[in-house]
Amino acid sequence: MAALAGWLCLWAQPALAGPPAEEQAVPGLVAPKLSVGPQTFEYPAALREREDPPSGQITIEYVVGTDGVPKEIVVLESPDPALDPIGAEIVANLRYEPATYEGELVEVKLSLAFVVEAPAPAPVEDPDPLEPDEGELPDTTNPDPDPDDSAAIVRISGRVREAGYRTPIEGATVLAIGAGELPVGEIRGTLYEEPSEPEWTVQAQTDAEGRYELRDVPEGKVRLVILAPGYVRSDRVVELEPGKQLEINVWPRRESQNPYRTEVVVEREPMPEIVERSLELEEIQKIPGSQNDALKAILNFPGVARPPFSSGLLAIRGAAPEDSAVFLGYHEIPLLFHFGGLRSVFASEILAQIDFIPGNFDSRYGDAIGGVVNVQPRAGRRDGYHGHLDVNAFDAGFLAEGPIGKGSFALAGRRSYIDFLLTQALPEDSGINFSVAPRYWDYQLLFDYPVSGGELSVRAFGSSDKLKLVFSGANDDEDATEDARNQVETGQYFSRADIVYRKRLGAWDFLITPSFRAGFTELGVGGILDLDVRTKDVTGRTEISRQISKRLRWRIGTEVNATLFDVDVSAPNGASFSAADTITRTVSGLMFRGAMYSTVTVGVTDNFVLYPGLRAEYFAAQSRAGVDPRLRGVWKLSDRTALKGAVGLYTQGIQQAVQLDESFGNPYLGLQKSVHTSLAVAQDLPWDSFVELTGFYKELWQLVSPSQELVSRSGGELGPEQYANTGVGRIYGLELLLRKNLSDNLFGWVSYTLSRSTRIDAPGETRELFDFDQTHILTVIASYKFPRGWQLGARFRLVSGNPYTEVQNGVVDAQVGTYFPINGPINGARLPPFHQLDLRLDKTWVLPILQVSLYVDVQNVYNRQNTEFINYAYDYQSFSTINSLPIIPSIGFRVEL
């Protein structure tokens, strides 16, 4: 017999809090109240037989969900690993009245500690001659067993896990009744029977591991029914022989009207952005053209210009790509997409959160005057070992994840073979020949572990791209086959390692995260321009936040960024494009910037909240500082309508260190400035949909622009200034997003942007269209899930052509034998409009321990020849067009465990 350690009075307190919860109550927070308990602890018989059975304190941390059920159960302290699952099961069986904050259901992290003592040895007694012999089961013919009888014998047991994912289903009802004359086997469909009372019934609930036990089930035919909300009913008849036990594992499938599961719940920041478009990963991974890459959905949102040649550049609300920032795990990364925007540099399957903030972002983000993309990775799964293999026409990738002790790991990687595909798919008249076709790879390694009441994350990831191509067509000439304009070579590599530690202590939240990144970038245009950049970045961020009162929350943080760089550059001297007239130079140095920022949440009323913020940042390389006040506000006009507005100042330093070099740039360049204003109205609509209309206006000044003014160099000689802070800009427009969230098997959105982005490079010059100005951007996406695992999706895009400067004629310089263009108005012409239709068809087979998906993703279905660039001949008397990718069908399969 197992020893009884005693009844536990389970008094739960906030993690690591000393006094009881009532003494540290957060204003507005009603703590969870225990409704099911106490529980008993059965000391394991195997441990009792040890010479020195373990005793001591078990400390368990867990989260009480909004349904009152404990989850994310982690054993922090235990005298022996064999006691861990027993302690975790005790917590899993608890039930609470869920916590509330200001009347809303919230999740709360609690901790529980109790002492386990080894039982004293039981006295040896003579066996009772009336007991059955060892190995035999007692008579179980009792037609009305008592499920609460602790002496009842387990006759049927097993686990209930989700088909295809092996995820335990907690709280499922397992029902055993007499089967009568039904044949043994699975009952498919609906079985219509005359209503009658069953002769007997045995019922159980699955625990956190999906396990169940049915006691004292009568022998003979037994009908076993498993019911779980959101899952297809499982119904079967089994034969229970006398004196035997059955172990039956069941794999229910998720119902079609609720086909997507959420593996990770991330606590949202209590300071929302004015326009923040957050993505549910599993909703948008199957969007046509995405190749299962959730991050590519960002390119379909309002305010994002379609980049030339699908390059993946992020031009947000009329800003230059280098004016926006992408943060992955609290630190900036140099790029989000591989070549051509075909893939992101980070596996979507291990992302927890994607936030797209086109403007008026919080003071947490700086050194940007455009928009922000914030991406947060998730921890690996701790409910078992999982993974997938994804193979398609562009690349192959894998993911493996699972528990390590009390923590978890996730390992992912991908390698392309598009270098072979494109060389076969591109037609001869496309204007592009690949000398080294594009190839890319990336990797991610994540490790998470609970430490001292907080969560420690260690992350390493990296990316590499390589490309070399030759433009053909109008430039080809027997006497100009080596024209430097024909050749482009580019490559980019980075690898980064992060440490992140987050902890909650009462009403306080703490964050500290250092990071190191090494990178290399190369760019070559024939023998005219060669640029090699090697960088080593050390960054760090710390934050502290506190809920001061019901309507007041405060956050303060610091951020540092130090970049050690070496740049080798060879560039034309002035207006000459001759390989013989170039300047070669090596530039090395250190760029440093540090910032302090703070944001306060002020609830003026229950329906009106303000978010004043301030960011102060120092840029050491330019010996200048910026102080940026920002203000955002949300006014809930009703339960379904909200009005949001914001205004703020934004500062950005030099992004390329070579621009501060005396030969290639200007060491006296200052900071670039922008003011953002926006006003949005959001309205919830029926059918689980909503519409949002946003108007925005931005003024930019002190922009870095080309300058040919003569200045005195440090050596006394005169030379061109190269760059100066003389540029100004103006950006304004409207954004419309109509989105249907996933329900009734339908998901999709319509996004439309009407905008204008202009620049003036220097005083006295005329206002011109910006290179990424696109007047109209329309994207329509729809995806529908059919029965039996089929899903069909479509995406249509219609976008104004990019502006370009038309060459009207060409003249020759007889001394050097080089042609020079005679240009028309800067950006005075536009390329033809871009339009394209993409389709995707998925078929998924859900098996008990895995699921298999086959998909066909066809881009540019009707093979539209969209012009991306104009390629002029060497003498500028004729030209050819460089078109976007032709129709490309991608067939792939995916296996998930």
Side-chain angles (χ1 to χ4, degrees), residues 289 296 298-324 335-337 339-342 358 370-371 430-432 469 471 473-474 485 488 490 525 696 698 700 703 705-706 727 729-735 751-761 766-779 795-808 821 823-838 859-860 864-872 876 879-886:
K296 292 186 65 177
I298 294 172
L299 303 176
N300 300 308
F301 271 136
V304 181
R306 192 197 70 85
F309 205 69
S310 300
S311 59
L313 296 174
L314 282 175
I316 301 174
R317 280 189 180 172
E322 61 269 19
D323 293 342
S324 296
L335 74 163
L336 186 58
F337 297 102
F339 164 82
L342 293 173
S430 65
I432 300 176
L469 57 83
F471 297 130
R485 293 169 299 167
V488 173
T490 181
V525 181
F696 62 90
K698 299 195 294 186
L700 304 88
L703 300 179
S705 301
R730 181 177 299 157
I731 306 169
Y732 54 91
L734 290 173
E735 297 170 351
S751 71
Y752 173 69
T753 304
L754 173 67
S755 68
R756 177 54 51 93
S757 179
T758 60
R759 300 290 189 275
I760 300 176
D761 286 341
T766 59
R767 186 174 294 274
E768 304 154 352
L769 289 177
F770 184 53
D771 295 343
F772 288 90
D773 175 80
Q774 292 173 359
T775 307
H776 304 281
I777 307 172
L778 173 67
T779 302
R795 176 181 68 169
F796 177 75
R797 291 180 292 168
L798 175 62
V799 185
S800 300
N802 288 332
Y804 75 100
T805 301
E806 186 178 21
V807 177
Q808 299 177 339
N823 294 325
I826 297 177
N827 285 342
R830 278 193 185 272
L831 297 175
F834 171 97
H835 56 87
Q836 179 173 304
L837 175 66
D838 306 321
Q859 297 187 51
N860 197 5
R864 162 73 175 178
Q865 300 297 302
N866 289 297
T867 301
E868 299 285 8
F869 301 105
I870 301 295
N871 187 28
Y872 287 95
Y876 299 98
F879 67 88
S880 64
T881 60
I882 299 174
N883 299 325
S884 60
L885 296 178

Testing the basics here: between [X] and [Y], what is the closest heavy-atom pair and its distance to 0.1 Å?
{"X": "Phe337", "Y": "Lys296", "result": "CE2-CG, 3.7 Å"}
{"X": "Asp838", "Y": "Arg795", "result": "OD2-NH2, 2.6 Å"}
{"X": "Gly824", "Y": "Thr805", "result": "O-CG2, 3.8 Å"}
{"X": "Arg830", "Y": "Ser800", "result": "NH1-CB, 4.4 Å"}
{"X": "Phe770", "Y": "Pro803", "result": "O-CG, 3.2 Å"}
{"X": "Pro302", "Y": "Tyr752", "result": "CB-O, 4.2 Å"}

Test side chain to side chain contact (heavy atoms under 4.5 Å, CB included) applied to Arg759 and Asp771, Ile731, Asn827, the passing residue: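 Of all the options given, the one that passes is Ile731.
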
Hey, does [Y] have a side-chain heavy atom less than 4.5 Å from the side chain of [X]?
{"X": "Gln865", "Y": "Thr881", "value": "no"}
{"X": "Phe796", "Y": "Leu798", "value": "yes"}
{"X": "Asp323", "Y": "Arg317", "value": "no"}
{"X": "Glu868", "Y": "Leu831", "value": "no"}
{"X": "Thr775", "Y": "Leu754", "value": "yes"}

Straight-line distance of [X] [atom1] to [Y] [atom2], nearest 0.5 Å:
{"X": "Leu299", "Y": "Arg797", "atom1": "CG", "atom2": "CZ", "result": "8.0 Å"}
{"X": "Ile760", "Y": "Leu703", "atom1": "CD1", "atom2": "CG", "result": "10.5 Å"}
{"X": "Ile777", "Y": "Phe301", "atom1": "CD1", "atom2": "CZ", "result": "14.0 Å"}
{"X": "Ile316", "Y": "Phe772", "atom1": "CD1", "atom2": "CZ", "result": "11.5 Å"}

All side-chain contact (heavy atoms from CB on, under 4.5 Å) counterparts of [X], not counting sequence neighbours:
{"X": "Glu768", "value": "Asp761, Thr766, Ile826"}
{"X": "Tyr732", "value": "Tyr697, Arg730, Arg756"}
{"X": "Pro821", "value": "Val807, Asn823, Tyr876"}
{"X": "Thr490", "value": "Leu467, Leu523"}

Looking at residues at least two apart in the chain, or sitting in another chain, which of them share a salt bridge (Lys or Arg N to Asp or Glu O under 4.0 Å) with Arg864? none

Would you check if the side chain of [X] reaches a backbone N or O of [Y] as a donor-acceptor pair within less than 3.5 Å?
{"X": "Asn871", "Y": "Ser880", "result": "no"}
{"X": "Ser751", "Y": "Asn300", "result": "yes"}
{"X": "Gln774", "Y": "Val799", "result": "no"}

Under the rule for side-chain hydrogen bond (donor to acceptor under 3.5 Å, both in side chains), what residues qualify as partners of [X], not counting sequence neighbours?
{"X": "Ser324", "answer": "none"}
{"X": "Arg767", "answer": "Thr758"}
{"X": "Asn860", "answer": "none"}

Of all residues at least two apart in sequence or in a different chain, which pass the ring pair (Phe, Tyr, Trp, His ring centres under 6.0 Å) check with His776?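 In terms of ring pair (Phe, Tyr, Trp, His ring centres under 6.0 Å), with neighbours along the sequence ignored, His776 is linked to no residue.
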
